[in-house]
Engineer: 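Mind looking over this structure? Questions follow.
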Amino acid sequence: MGLAALPGRMIFTPLLHRLGAQTLTVWLLGCLGIGTLLLHVAGVLALAVAGIVLFGMANGALTLARSELLVLAYRPEDYGTANGRLARPVNLAQALTPFGMGLLFTLTGGYGWSLTVLAGLAGVSILKLLRGGAALLTYASEPPLP
């Protein structure tokens with residue numbers, strides 16, 4: 001483990017044990033959205049820096065949270081398949097984001113809509129996780145993925 005990962009683990013692990021994987025993930029998605037919205041405040045450098053730091057920390061911690069949620073939701077023999085299936089749309093979204101945000105910038109002449117879309121997606125993710133959270137822990141007892 002590198003020195004850069006140490007602060008993240010010092011914060012993530014205690015929060016994971018205190019809040020649980022689902023609640024922590026909801027909070028991280030909220031931090032992602034708030035970090036994005038803070039970038040809307042033009043001319044206030046401190047808020048922009050806070051937004052960047054909050055977004056970056058939440059984004060990094062969500063990688064760890066995704067693994068924790070998968071461990072809760074799938075049996076060990078299904079974990080690799082489930083993680084691979086989840087990684088596909090995530091990687092596709094990461095690949096298309098620069099194009100989509102660049103297109104929005106070109107059409108609107110600024111980053112306002114791009115930041116609003118990203119914050120909105122964080123909000124939708126929170127709602128989806130809260131709605132699907134009750135079913136999250138039932139998957140472990142279901143038959144393996146095809």
Engineer: Under the side-chain contact (heavy atoms from CB on, under 4.5 Å) rule, collect the residues that match up with I52, sequence neighbours excluded.
Structural biologist: L39
Engineer: Which residues, ordered by chain and number, are linked to L127 in its hydrophobic cluster, where ILVMFWY side chains connect at heavy-atom gaps below 4.5 Å, directly or through other members?
Structural biologist: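 None, because no other hydrophobic side chain comes under 4.5 Å of this residue.
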Engineer: Identify which one of T25, L29, L28 satisfies the side chain to side chain contact (heavy atoms under 4.5 Å, CB included) criterion when paired with I126.
Structural biologist: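 It is L29, the one option of T25, L29, L28 that forms the side chain to side chain contact (heavy atoms under 4.5 Å, CB included) with I126.
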Engineer: Starting at SG of C31, measure out to CG of N59 and round the result to the nearest 0.5 Å.
Structural biologist: 12.0 Å
Engineer: Applying side chain to side chain donor-acceptor pair (under 3.5 Å), name anything that partners T116, two or more places apart in sequence or on another chain.
Structural biologist: H40
Engineer: Does some side-chain heavy atom of L115 sit less than 4.5 Å from a side-chain heavy atom of L37?
Structural biologist: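 Counting from C-beta outward, L37 and L115 never come under 4.5 Å.
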Engineer: Using the test ring-ring contact (aromatic ring centres under 6.0 Å, His included), find all partners of F105 that sit at least two apart in sequence or belong to another chain.
Structural biologist: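 Testing F105 for ring-ring contact (aromatic ring centres under 6.0 Å, His included), a comparison that skips the adjacent residues, returns Y111.
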Engineer: Are any of the side-chain heavy atoms of W27 and L15 separated by less than 4.5 Å?
Structural biologist: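 SC-SC contact between W27 and L15 ruled out.
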Engineer: Just verifying a value: how many Å separate F12 CZ and L24 CG, rounded to the nearest 0.5 Å?
Structural biologist: 5.0 Å
Engineer: So, using side-chain contact (heavy atoms from CB on, under 4.5 Å) as the criterion, who are the partners of A21 when residues are at least two apart?
Structural biologist: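 Applying side-chain contact (heavy atoms from CB on, under 4.5 Å) to A21 gives L16, E68, L69, L72.
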Engineer: Is L129 linked to V124 within one hydrophobic cluster, defined over Ile, Leu, Val, Met, Phe, Trp and Tyr using a side-chain heavy-atom separation of less than 4.5 Å?
Structural biologist: no
Engineer: Once side-chain contact (heavy atoms from CB on, under 4.5 Å) is applied, do any residues pair with V90, and if so which ones, sequence neighbours excluded?
Structural biologist: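 Expected list: R66, Q94.
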Engineer: Which residues, ordered by chain and number, are linked to V117 in its hydrophobic cluster, where ILVMFWY side chains connect at heavy-atom gaps below 4.5 Å, directly or through other members?
Structural biologist: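 Cluster partners of V117: M101, L104, W113, L118, L121.
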